[in-house]
Amino acid sequence: MTHRPTDEPVRPVRPHPVETPALWEQPPRPDQVDPAVLGALLHRHGWQRRGGAAGRYGRWTPPGSGSAGGSGTSLLVPENRAFPDSEDLLGEALVALSRSGSPSAREVLVGLAVPSDEIRWWRDVPSGPVGVAPWTVEEQLRTAARKMLLAGALAARARAGYYGARHRGPAAASLENVLVGAASGGRQLTAFVPVATGRPLAVRLHQALYAAREAIDYQRATGGMDAFDAAVEAGVSHELTEALVALVRGTEGARIAVEWAPAAGVPEGCATSADPVEFSPGDLPALREAAARYLREEPSVPVRITGTVVRMRRSGPCGDGTVRLRVLAGAEVPHVRATLDEEAYRTAGHAHLVGVPVRVIGRLESRGGFRRLTGASGVTPVQVDEAERDRLMKSLQENLDFFEEACGGD
């Protein structure tokens, strides 16, 4: 076991986006808040309207606060800005929310600070002592939720039964602005997907979940898997079915709901409100079969790739060799491997030594996640501008010994 030296400074840790104090310690200004949006968010997160002057303002109490006469936080929220004291009431309500210890208050403030579609997961898991669950249950929920968000981001970019490494980098990058709330005992988790950058993800995931539910029902009723083939167009994939398996496994059931940001309205073609999509352990055989089917049947893709050589290997000074290319154009993957004949391998080595990429034709194989190019041919150097050439030459100088050895003797 190794230990960090006591005199070594601790590396700063990037805070989780939802843990950034500015989101609720500094509430939005009253003039930035639409009273109707605030009321809609309070209702969504379990707050109860208990009276108030009709047409002027409502009195809202947090979840679990009991009857109207119960103690706890109480907010007076104007129904619109026509009410003379609306600005003052909004300011007082926002300050009270920022000081409240209620998780629902925090979620309301996040929804106000970053107009977001909310994706919510529930898992029915056995309780441990005193109603708590093992920490692994929360980890399973978070892992499944991230897989599902990634599957939605992939489907928002393209339709495929199996993505492998395709589109994965841009899809993962699109999740950087997603805010995730604290999981409630491993049973509930909410992701806030900003409308400005993530609405296509939320819409596609919403449609894919309903298509997956319908395909499962069809398979359980008829034994046929045809509905899963048609569901690809709606965004269902190997990645989504695997995420659903991870969510449902070890539970008595799970639900997912997508709720639209009140400030942005309902996307075209989507329902204003819908019940959560439910999945049960009885759905697991169909989901696993669909995941295997998508993986097995996704075809290879003919491509013409332009890339830089980043690794070369062969068993001797002559004969075929394997190269690894960093893809610049022609495929939606970061790297591919290809086996080249002796002449093509030598061409690839020389292209790297003079600091230029190569172009190669082949088929991107689904086996291995679309990371291997088969039937590679037509390897030719590609001219690039001086700035890119200088960058490639710098990379070569850092790895010169390796490439001289890999390219073999002559």
Side-chain angles (χ1 to χ4, degrees), residues 117-128 131-156 160-163 171 175 178 180-191 193 201-232 234-259 274-297:
D117 298 323
E118 298 179 23
I119 302 173
R120 200 176 301 274
W121 295 266
W122 295 268
R123 299 175 87 225
D124 299 327
V125 293
S127 298
V132 298
W135 69 269
T136 52
V137 173
E138 182 172 329
E139 290 299 311
Q140 290 163 2
L141 174 55
R142 288 186 175 275
T143 299
R146 176 167 177 80
K147 286 182 176 180
M148 197 169 295
L149 289 173
L150 181 60
L154 288 167
Y162 171 54
Y163 294 95
L175 302 181
V178 174
V180 181
S184 176
R187 295 177 179 83
Q188 182 176 333
L189 183 67
T190 303
V193 182
L201 183 164
V203 170
R204 185 55 56 200
L205 184 58
H206 171 78
Q207 296 170 343
L209 288 170
Y210 278 95
R213 179 67 266 168
E214 292 173 2
I216 292 170
D217 292 341
Y218 180 85
Q219 191 277 337
R220 295 184 69 174
T222 67
M225 298 293 293
D226 299 347
F228 279 102
D229 297 336
V232 170
V236 182
S237 63
H238 169 84
E239 285 75 9
L240 181 66
T241 51
E242 287 281 282
L244 286 169
V245 169
L247 181 70
V248 175
R249 186 175 53 227
T251 73
E252 298 172 358
R255 292 164 289 150
I256 310 104
V258 180
E259 298 175 317
D275 293 332
V277 188
E278 299 186 10
F279 299 91
S280 70
D283 299 327
L284 290 174
L287 287 168
R288 291 189 175 110
E289 185 178 351
R293 179 186 177 92
Y294 286 136
L295 180 62
R296 181 175 62 249
E297 297 190 0

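Reckoned from all heavy atoms, side chains included, excluding hydrogens, waters and symmetry mates. Note that the structure is a prediction, hence the values are computed from the model and not measured.
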Does a side-chain N-to-carboxylate-O contact under 4.0 Å join Glu289 and Arg293? no
Would you check if the side chain of Tyr162 reaches a backbone N or O of Glu239 as a donor-acceptor pair within less than 3.5 Å? no
Mind listing the closest non-hydrogen atom pair of Gly224 and Tyr218 along with its distance? O-CD2, 3.6 Å
Keeping the roles fixed (side chain from His206, backbone from Val258), state whether a donor-acceptor pair exists under 3.5 Å. no
Can a donor-acceptor pair be found, under 3.5 Å and without considering hydrogens, that links the side chain of Thr143 to the backbone of Gln140? no
Provide the closest heavy-atom pair for Leu287 versus Val245 in the form atom of the first, atom of the second, distance. CB-CG2, 3.7 Å
Rounded to the nearest 0.5 Å, what separation is found between the CZ atom of Arg296 and the NE2 atom of His238? 12.0 Å
Is there a donor-acceptor pair closer than 3.5 Å between any side-chain N or O of Arg123 and the backbone N or O of Leu247? yes
State the CG-CZ distance between Leu244 and Phe279, to the nearest 0.5 angstrom. 4.5 Å
Go through the structure and list residues passing salt bridge (charged side-chain N to carboxylate O under 4.0 Å, His left out) with Glu242, not counting sequence neighbours. none
Show the nearest heavy-atom pair for residues Leu175 and Ala153, with the distance to one decimal. CD2-CB, 4.2 Å
Start with the C-alpha distance between Arg142 and Val180, add both sets of side-chain angles, then the distance that settles side chain to side chain contact (heavy atoms under 4.5 Å, CB included), and finish with yes or no. CA-CA 9 Å; Arg142 288 186 175 275; Val180 181; 3.6 Å; yes
Where is the tightest heavy-atom contact between Pro281 and Gly253, given as atom of each residue plus distance? CD-N, 4.0 Å
Kindly indicate whether the side chain of Tyr294, heavy atoms from C-beta on, has any atom under 4.5 Å from the side chain of Phe228. yes
Minimum heavy-atom separation for Ala145 and Leu189, please, with both atom names. CB-CD2, 3.7 Å
Value rounded to 0.5 Å, distance of CG in Asp117 from CG in Leu201: 9.5 Å
Using a 4.5 Å cut-off on heavy atoms from C-beta on, say whether the side chain of Ile256 contacts that of Met148. yes
Could you give the distance from CG (Leu209) to CD (Glu278), rounded to the nearest 0.5 Å? 12.5 Å
So with a 6.0 Å cut-off around CZ of Arg120, is the heavy-atom count from everything else above 12? yes
So salt bridge (charged side-chain N to carboxylate O under 4.0 Å, His left out) across residues 216-226, not counting sequence neighbours, yields Arg213-Asp217, Arg220-Asp283
Output for pair (Leu240 CG, Arg204 CZ), nearest 0.5 Å, gives 11.5 Å
When rounded to the nearest 0.5 angstrom, what distance separates CG in Leu149 from NZ in Lys147? 13.0 Å
Determine the minimum heavy-atom distance between Ala227 and Ala215, stating which atoms define it. CB-CA, 3.7 Å
